[in-house]
Structures are given as structure tokens and as C-alpha cells.
Participant: 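Please read through the structure below; I'll follow up with questions.
Bear in mind that the values here come from a model prediction, so they are computed numbers and not experimental data. Below, each value reflects all heavy atoms present in this structure, side chains not excepted, and no hydrogens, waters or symmetry copies. Proteins come first, then strands; the chains are lettered A, B, ... in the order of their sequence lines, and each starts at number 1.
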Amino acid sequence: MSTDHLPTGPTDDATGEIRDFIRQIVREDLASGKHASIHTRFPPEPNGFLHIGHAKAICLNFGLAQEFGGACNLRLDDTNPAKEDPAFVDAIKHDVHWLGFDWSELRHASDYFGVFYLAAEKLIEQGDAYVDDLSPEEMRKFRGTLTEAGRNSPFRDRGVEENLALFRRMRAGEFADGAKTLRAKIDMSAGNINLRDPALYRIRKVAHQNTGDAWPIYPMYDFAHSLSDALEGITHSLCTLEFEDHRPLYDWCVDKVDLVNHPTLWQHLVEAGIPTVPSKPRQIEFSRGNINYTVMSKRKLLNLVQGNLVDGWDDPRMPTIAGVRRRGFTAAALRLFWERIGVSKQNSVIDLGVLEGCVREDLDSRAERRMGVVDPLKVTLTNLDASHVETLTFPNHPKDESFGTRQVPFTASVWIEREDFEEVPPKGFHRLKPEGEVRLRGVGIIRCDEVVKDAAGLVVELRCSLDKDTRHGMPGADRKVKGTIHWVSAHHGVPAEIRLYDRLFNVADPDDDSDGKTYEDHINPDSARVVHGYVEPAAATIAVDQRVQFERMGYFVPDSHDHAAPSRIVFNRVVTLRDSWAKQAGK
RNA sequence: UGGGAGAUCGUCUAACGGUAGGACAACGGACUCUGACUCCGUUUAUCUAGGUUCGAAUCCUAGUCUCCCAGCCA
């Protein structure tokens, strides 16, 4: 089975190269000799599970390194111990690997705490940073607004020695949480609010998952992130659009600290066995990939989990990597999706159907076929002996013989899909109806002679006759009928719990709360329907990570938590098949 | 009335002063023992108004709309 596919995204027709503005920059930098090779990184904060949006950044950063023969680090951005958890670190590593990538080096921002501290002292000595006693509320007032300049803190002009002494006492744990901060001395009247003396260090007497209680102070994002990039020799630091106006501060930190020319700041890393060749990284921003009918903010996903609105981070309806994996999406489908979407600076909302299409495209070529009935209706073939049993041979894939064949038991009593019979069929209905004919896949043409109902009028059985001249392999087998339906032997069918998933939200933009309703109000009550059906024996024995296509019904995967063959069969529906009949019938 | 960014088919994305192209979707057809897959074909776009130019999505001017920023979060 082939897992490869030609790129069908925004590629150059002639060369097949993926082209977007970032790859263009990379090509230029390589061609001009600015860089001999590139180095990227994926820097998640371990405060939640990774989601499909992160997959975009992962594909971009690791993909770039792969394409251009560079390196890509995985860096856990663990500068805020109050929000982070080692459990998330394991999930992140697992997800990156599952997506098909491996990092050149695993790093943590906390590996560099010693460097950040020395860098902060350097800034103080240069007169570029000061210790401020303002409370958070006071600081907000002094910051000004979007349209009004801020005012200098009364502590802004402390001398170097005083600042140094104070900062050292902060580090020694002499002050309470929030009592003081270290601030960059830039410009309180800057139009860009990020430049109004941003905080560099805060006091947080919280144990850190890596460094324990070694530090009572922790660096802020802008300071830690820029210097981490420089320390790791990152050449192209890719991030999303909302960091665009942080770039001046990013550059300020890198330039003022100037790690390249000050090895004393990081020499201890080298001595500790952490290879360090600082660079002057370039931050480049691209747009996030929003998808309709879903929410993608970490805060909202956390909320869904903690509020028990879903069944955990890996609920198959969640847009987390763990969720779509359990749902049955493949890594190849996710990669194809982001490749197809491309990379730009335009805000955009991608139709969920595009993702589903990628999943179908990948699964069509790699999933074995089986038959399974989700909503069973009994069919009795009256002209077959009631004890009739035969074994049919079915190909596992309609287009690829290398998938082999399987044995499918056939008896005089079978389950068919309830929706494949209509007593009063709509126009264009190709399936079974009273007096009508349909092909039983791999068997032959049957005719519905009698409809049996219960006292309530519900159809409980169809009594049909099989046209034996049309049996598979017989001369009459090529007789044309409009429809072919799937079935499962009633004597052999394995009872299965089947979970039919649908979009988690029933509005295209769950984030839109302008009507007073929140995303929680828009959860689709039918997003997880559990039904009980029957699958053919060869479906009950497939591997847990193997997806199958139940013909005409969609792609399914055994649930990684609850499937326990042979005693308990549980399938998740990955995605339906394209259904032009449903579309037509729905009109 | 601050700073930053972005507007191209329904959606996503190309173009780098020289034929507005591709992908997905949609629609029509062919094929079909999956109303799937596959194949063929068709429709649809440069935010607006001026200007420069032989020629403008691209350059200039003026507007319009959208997104981001006032955490000791990232």
C-alpha cells in the first residue's frame, strides 16, 4: 500500500516545489549565502493538547527542515509553571511523532534559565532594564491606552547598581509574588504597546516541572522566546500573525543581549553538554488555519474538557491531534490537508469539508473494504434452504489486488441497511422497494416479494427471492439493476457498537458570541450517536489502528479505548463516503 | 483620533509591470456489483474611485472593509 502522494497543494507546476512566501524567503536566504542551512523550531507551551492548528505549524517547521535539509527542534516553552503540566509534554511528543516528524533536538526554555538571568543582568548593566515596584494595576494605568501614550514609572530611573542589587534580591527570593518586575527600558510613548517598557521577569514562587524550586523568578515570553531562538541557532522563527507587533521587541531582545558576541552568557550550556551556536534569527509571521464548525483556542478546548462537554482531550469529536487520531483520521490526511491549504498572511476560514475530503482521499487508497450494517433490517431469502450456508470470496480493495481477499459467509437470512428499503420510494431511488429488485453485493439480484410489519406498522422483515441465474460468476450475473446494497449474514454477523460522529458544533462560527450565545450553546446534540449493528466476521478481527471502509457507509476505525475483540466490538465512524444521492434526495 | 497587518473564483491559494493560473467545492457527462473511487467537461474572482503606463491584481493617490495589540499569559 502506498502512503505517498504527489503534492496537490500550491505547488509550482514545473518543479513540483511547494511555493509560499516563507519558502520563497528560505530559498533566497540559501541562494544568497545568508544561511548555509536553515534551522527551525516548533515551540509549544505544555499547557494543553496540541490541535489541528498546531499541526499546521508542525508541518511547516518540520516540513521546511526536511525539504531544505535543515534542522528542526522541538522546544517546550515552559516559562510559566503555574499553567504547565508534564502530562502535556508527553502528549505533545507523542503527537509530533504520530504526525510523522522527529526533532533534531529536544529543548526546553527552562534549559536556558541560567542564560536568561545573565542576559537580564547584562541589560541592567547596559541601562536597558530596570526593576519596577509598580503593582499590576498601577502598571496598567501607567501604560496608557491604544490612543494615549503611557507615562514613565517613578522607578524607571533607578541607578544600575540599585537595579542590579534589587534584581539579585528578586532572584534570591526576598520579595513576594508580584512585588517587583524587571522591565525593559524602551519607550513609554511608543505607538506599539509592546514597546512600552514590557516586563521581562516576574516573581512567581511556584515549583517548576523541570527546575523545581531553583527559581523564584521566571522570564516572560518575549524575552525567553527570542533568546531561546537565538541560542538554538534558529534561522527562521515562524509564528502566527498576532505576534507581528512583537517582532520589534523580539529583535530588541536579540540585539541588546547579543548572544553571538557574548559567549560568557551561554558558555555554561556548552559545558553542560548542550550544543550552542547562537544566531540572529528572523521572525516571520503567517496566518493561523481556522476551520469552520470548530473551535481551536486552547482555552476553549480546555473548557470543553474540564466542563465535561466532551469526553476528554481525545474525544473523537475534538479537533485535538489526539481526538482526530482516535476518530480515525490519518497523519497523512492531516499533512495533505495543510499542504493543500498552503501558507499565507491572510486571515481565513477553511471549510471543514476540505479536511474531510483529505481524509477520504487518503483512506480510499489504504483502507480495506468490509461490510457492516448500522441500522439492521432482516431479509429472508425464501427460495434458499433455511440452513443454506456458503462462503464467498471478496476482494479487500476494488482497485488494488495486493490487498488480497477475504471469506464472507452467506446465508438465507441476512441483515441489510434499513435505509436501503423504502415502501414508498422517492423518485430516483435505486434501492429495494416492494416488487423491486436490487443486487446483493457479491451475491446476485434479489426481488422483494413481501413486506412483513409488526403490530405498530414498523417493517420488521423483507421476504425476498434470489435470482440464481444472477449469482456471482454465472452468465446472468451481468444483468443490470440500478442498485447494489451491502449486507451481513444474520447467522454470522458480529454485533457491534457503532459510534456515528458528526461536527461538534452546529454553527459555522462557534466563536461568534455577538448574539449573546457562546460556543457552549452551539454544541451539536447529534455529534455522537451510538447505534448497534452487525459487521461481517472479517471486520471484527482487524487491528486496532487499521481503518476499514464499510462499503457504502463510510470509513471506520476500532475505538482505541473501548474496542476489545472478540468480546466487545466498537467502531468509530471516521467520515462518511461522499453521498451524491443524499444530496439529491435532500433537495 | 495610536500602532501593526490583510483584502484575488463559493473556499484556500498563485502572479513579483506583459494571457488572472491551480487545488478543493459546485454543476453536467462517462464508467461502475460501493449513488464510492476514477475519468472528461463547464461555471465562477482582482475591495472602491482616480492616476502613471503601450500595458496594472502588481506602481502612485484617496477611500472602504476585516483582523491583531492596552497580561507580572503564550
Side-chain angles (χ1 to χ4, degrees), chain A residues 7-13 19-20 24 43-45 47 77 79-80 82-83 132 134-136 139-140 143-150 177-183 189-196 198-204 217-218 220-222 224-225 239-248 285 287 289 292 298-299 340-351 353-354 357-358 360-361 364-365 369 371 398-399 428-431 439-445 470 472 477-478 480-486 549-554 576-585:
Chain A
T8 50
T11 56
D12 183 277
D13 292 338
R19 53 194 314 178
D20 53 58
Q24 209 163 122
E45 183 188 15
N47 66 344
D77 204 355
T79 55
N80 188 354
K83 290 191 172 183
D132 197 350
L134 252 29
S135 70
M139 205 179 280
R140 185 167 4 99
R143 187 154 33 228
T145 69
L146 293 180
T147 52
E148 300 163 43
D177 280 16
K180 297 188 186 318
T181 55
L182 181 73
R183 291 230 257 168
S189 66
N192 181 346
I193 290 175
N194 292 296
L195 265 20
R196 320 241 263 229
L200 263 21
Y201 260 101
R202 78 282 222 181
I203 300 172
R204 282 281 177 286
I217 57 173
Y218 292 96
M220 299 292 293
Y221 165 83
D222 292 289
H225 190 260
C239 63
T240 42
L241 254 26
E242 69 270 26
F243 294 102
E244 222 151 14
D245 49 15
H246 287 242
R247 194 180 342 122
E285 311 85 12
S287 60
N292 59 15
K298 273 193 172 182
R299 200 199 97 236
R340 191 164 278 178
I341 292 309
V343 179
S344 75
K345 298 190 67 150
Q346 262 147 292
N347 288 316
S348 61
V349 180
I350 303 146
D351 197 293
V354 178
C358 291
R360 290 191 186 102
E361 183 170 327
D364 176 61
S365 62
R369 308 294 130 116
M371 291 195 289
K399 296 193 163 175
F429 188 75
H430 291 169
R431 285 107 100 145
R439 186 183 301 278
L440 226 44
R441 171 126 244 226
V443 175
I445 296 170
T470 62
H472 193 67
D478 47 5
K480 301 293 179 199
V481 279
K482 285 283 191 180
T484 298
I485 64 174
H486 59 98
Q549 182 194 108
F550 286 143
E551 293 203 20
R552 306 206 309 131
M553 297 307 289
T576 60
L577 258 29
R578 263 186 70 204
D579 189 348
S580 55
W581 164 244
K583 198 182 294 173
Q584 182 188 331

Participant: Say we look at G17(B) and U13(B): how far apart would their P atoms be, to the nearest angstrom?
Facilitator: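 Result for the P pair: 22 Å, nearest Å.
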Participant: In chain order, what residues pass the side-chain hydrogen bond (donor to acceptor under 3.5 Å, both in side chains) check against E242(A), with sequence neighbours excluded?
Facilitator: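 So E242(A) forms a side-chain hydrogen bond (donor to acceptor under 3.5 Å, both in side chains) with T240(A), R288(A).
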Participant: If I pick the C1' atom on U64(B) and the same atom on G21(B), what distance separates them, to the nearest angstrom?
Facilitator: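 Per the computed distance, 28 Å lies between those C1' atoms.
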Participant: Regarding S344(A), tell me which of base, sugar-phosphate or nothing describes its non-hydrogen contacts under 4.0 Å with the strands shown.
Facilitator: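 S344(A): backbone/sugar contact only, no base atoms under 4.0 Å.
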Participant: Please report, rounded to the nearest Å, how far the P atom of A74(B) is from the NE2 atom of H225(A).
Facilitator: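 So the two atoms are 11 Å apart, to the nearest Å.
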Participant: Measure OH/Y218(A) against C1'/A74(B) and give the value in whole Å, please.
Facilitator: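 For the pair Y218(A) OH and A74(B) C1', the rounded distance is 16 Å.
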Participant: Of the options C12(B), C24(B), C27(B), whose atoms approach the side-chain atoms of K583(A) most closely?
Facilitator: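 Between C12(B), C24(B), C27(B), the one nearest the side chain of K583(A) would be C27(B).
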Participant: In whole Å, what separates the C1' atom of A23(B) from that of U44(B)?
Facilitator: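 A23(B) and U44(B) have their C1' atoms separated by 15 Å.
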Participant: Under 4.0 Å between a side-chain N/O of Q346(A) and OP1 or OP2 of G6(B), yes or no?
Facilitator: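 No, no such contact exists.
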Participant: Given the rule in the side chain to side chain contact (heavy atoms under 4.5 Å, CB included) test, do N292(A) and I350(A) qualify, once you have shown the distances and angles that lead to the verdict?
Facilitator: CA-CA 6 Å; N292(A) 59 15; I350(A) 303 146; over 6 Å; no
Participant: Compare all side-chain heavy atoms of R204(A) with those of T79(A) and state whether any distance is below 4.5 angstrom.
Facilitator: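 Side chain of R204(A) against side chain of T79(A), heavy atoms only: no contact under 4.5 Å found.
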Participant: Rounded to the nearest angstrom, tell me the gap between atom CD1 in I350(A) and atom P in G10(B).
Facilitator: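 Taking CD1 of I350(A) and P of G10(B), I get 18 Å after rounding.
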Participant: Counting side-chain heavy atoms from CB outward, which of G6(B), A23(B), G71(B) is closest to K345(A)?
Facilitator: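 For K345(A), the side-chain atoms sit closest to G6(B).
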Participant: Have a look at T79(A) and say if it touches a base, only the backbone sugar-phosphate, or nothing, with a 4.0 Å heavy-atom cut-off.
Facilitator: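 Contact class for T79(A): sugar-phosphate only.
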Participant: Pick base, sugar-phosphate or nothing for R204(A), based on heavy-atom distances below 4.0 Å to the nucleic acid.
Facilitator: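 Answer is base: heavy atoms of R204(A) come under 4.0 Å of a base.
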Participant: For the C1' atoms, the ones on C72(B) and on G22(B), what distance do you get once it is rounded to whole angstrom?
Facilitator: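 Their C1' atoms lie roughly 48 Å apart.
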Participant: Can you check the distance between U42(B) and A74(B), where both ends of the measurement are the C1' atom (answer in whole Å)?
Facilitator: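 It comes out at 48 Å once rounded to the nearest Å.
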Participant: S135(A): which residues meet the side-chain hydrogen bond (donor to acceptor under 3.5 Å, both in side chains) condition with it, sequence neighbours left out?
Facilitator: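 side-chain hydrogen bond (donor to acceptor under 3.5 Å, both in side chains) check on S135(A) returns E137(A), E138(A).
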Participant: Rounding to an integer number of Å, can you tell me how far K83(A) NZ sits from G71(B) P?
Facilitator: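 Answer to the nearest Å: 13 Å.
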Participant: Any Lys/Arg nitrogen of K345(A) or D20(A) sitting under 4.0 Å from an Asp/Glu carboxylate oxygen of the other?
Facilitator: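 Salt bridge absent between K345(A) and D20(A).
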Participant: Does the side chain of R369(A) come within less than 4.5 Å of R441(A)'s, by heavy atoms?
Facilitator: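 Counting from C-beta outward, R441(A) and R369(A) never come under 4.5 Å.
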Participant: Could you walk me through whether T484(A) and H430(A) pass the side chain to side chain contact (heavy atoms under 4.5 Å, CB included) check?
Facilitator: CA-CA 8 Å; T484(A) 298; H430(A) 291 169; over 6 Å; no
Participant: Say you pick atom C1' in C31(B) and the same atom in C39(B); how far apart are they, in whole Å?
Facilitator: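 One C1' to the other, the span is 8 Å.
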Participant: Atom CG of N292(A) and atom P of G10(B): how far apart are they, to the nearest Å?
Facilitator: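 In whole Å, G10(B) P and N292(A) CG are 16 Å from each other.
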Participant: Any side-chain heavy atom of P198(A) sitting closer than 4.5 Å to one from D222(A)?
Facilitator: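 A side-chain contact under 4.5 Å is absent here.
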Participant: Would you check if M220(A) and T181(A) make a side-chain contact, meaning some heavy-atom pair closer than 4.5 Å?
Facilitator: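 SC-SC contact between M220(A) and T181(A) ruled out.
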Participant: Where the side chain of E244(A) is defined as all heavy atoms beyond and including C-beta, which of A5(B), G71(B), U13(B) is the nearest nucleotide?
Facilitator: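 So the side chain of E244(A) is nearest to A5(B).
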Participant: Within the pair R19(A) and C16(B), is there a side-chain N or O less than 4.0 Å away from OP1 or OP2?
Facilitator: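 It does not, given that no N or O in the side chain of R19(A) lies less than 4.0 Å from OP1 or OP2 of C16(B).
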Participant: What does G357(A) touch in the nucleic acid at a heavy-atom separation under 4.0 angstrom: a base, only the sugar-phosphate, or nothing?
Facilitator: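 The residue G357(A) makes no contact with any strand.
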Participant: Quick one: Q24(A) CD to A15(B) C1', roughly how many Å, whole number?
Facilitator: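 Nearest whole value for this atom pair: 10 Å.
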Participant: Let me have RNA chain B in dot-bracket notation, would you? Count Watson-Crick plus G-U wobble pairs, both distances under 3.5 Å, and use [ ] for pairs crossing earlier ones and | for inter-strand partners.
Facilitator: .((((((..((((....[..)))).(((((.......)))))....(((((..]....))))))))))).....
Participant: Sequence neighbours left out, what passes side-chain hydrogen bond (donor to acceptor under 3.5 Å, both in side chains) with D77(A)? Give chain and number order.
Facilitator: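 With neighbours one apart ignored, the set is empty.
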Participant: Determine whether L577(A) and Q549(A) satisfy the following criterion, side chain to side chain contact (heavy atoms under 4.5 Å, CB included), listing intermediate values before the conclusion.
Facilitator: CA-CA 9 Å; L577(A) 258 29; Q549(A) 182 194 108; 3.9 Å; yes
Participant: Pick the P atom in A15(B) and in A7(B), then give their distance to the nearest Å.
Facilitator: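 One P to the other, the span is 12 Å.
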Participant: Is G71(B) in the syn range, within 90° of 0, or in the anti range?
Facilitator: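 Base orientation relative to the sugar is syn.
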Participant: For the residue pair Y221(A) and H246(A), does the interplanar ring angle fall in the parallel (under 30°), tilted (30 to 60°) or perpendicular (over 60°) class?
Facilitator: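 Geometry flag for H246(A) against Y221(A): perpendicular rings.
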Participant: Taking only N/O atoms, report every protein-nucleotides 64-69 of chain B pair under 3.5 Å with atom names and distance.
Facilitator:
unit_1 : atom_1 : unit_2  : atom_2 : d
C67(B) : O2'    : N347(A) : ND2    : 3.4

Participant: Go along nucleotides 29-38 of chain B 5' to 3' and tag each nucleotide: B for a protein heavy atom under 4.0 Å from its base, S when only backbone or sugar atoms are that close, - otherwise.
Facilitator: ----BBBSBS
Participant: Separation of R299(A) atom CZ from C73(B) atom P, in whole Å?
Facilitator: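 Distance, rounded to whole Å: 17 Å.
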Participant: Which part of the nucleic acid, if any, lies within reach of T145(A) when heavy atoms closer than 4.0 Å are counted: base, sugar-phosphate only, or nothing?
Facilitator: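 The residue T145(A) makes base contact.
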Participant: What integer distance in Å separates I203(A):CD1 from C73(B):P?
Facilitator: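 These atoms are roughly 12 Å apart.
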Participant: Give the intermediate values and the outcome of salt bridge (charged side-chain N to carboxylate O under 4.0 Å, His left out) for residues E45(A) and K298(A).
Facilitator: CA-CA 11 Å; E45(A) 183 188 15; K298(A) 273 193 172 182; 5.3 Å; no
Participant: Suppose you measure atom P in A25(B) against the same atom in A62(B); what distance do you get, rounded to whole Å?
Facilitator: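 Pairwise P distance, A25(B) against A62(B), rounds to 43 Å.
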Participant: Just do the side chain to side chain contact (heavy atoms under 4.5 Å, CB included) check on L134(A) and R183(A) with the steps written out, would you?
Facilitator: CA-CA 11 Å; L134(A) 252 29; R183(A) 291 230 257 168; 4.0 Å; yes
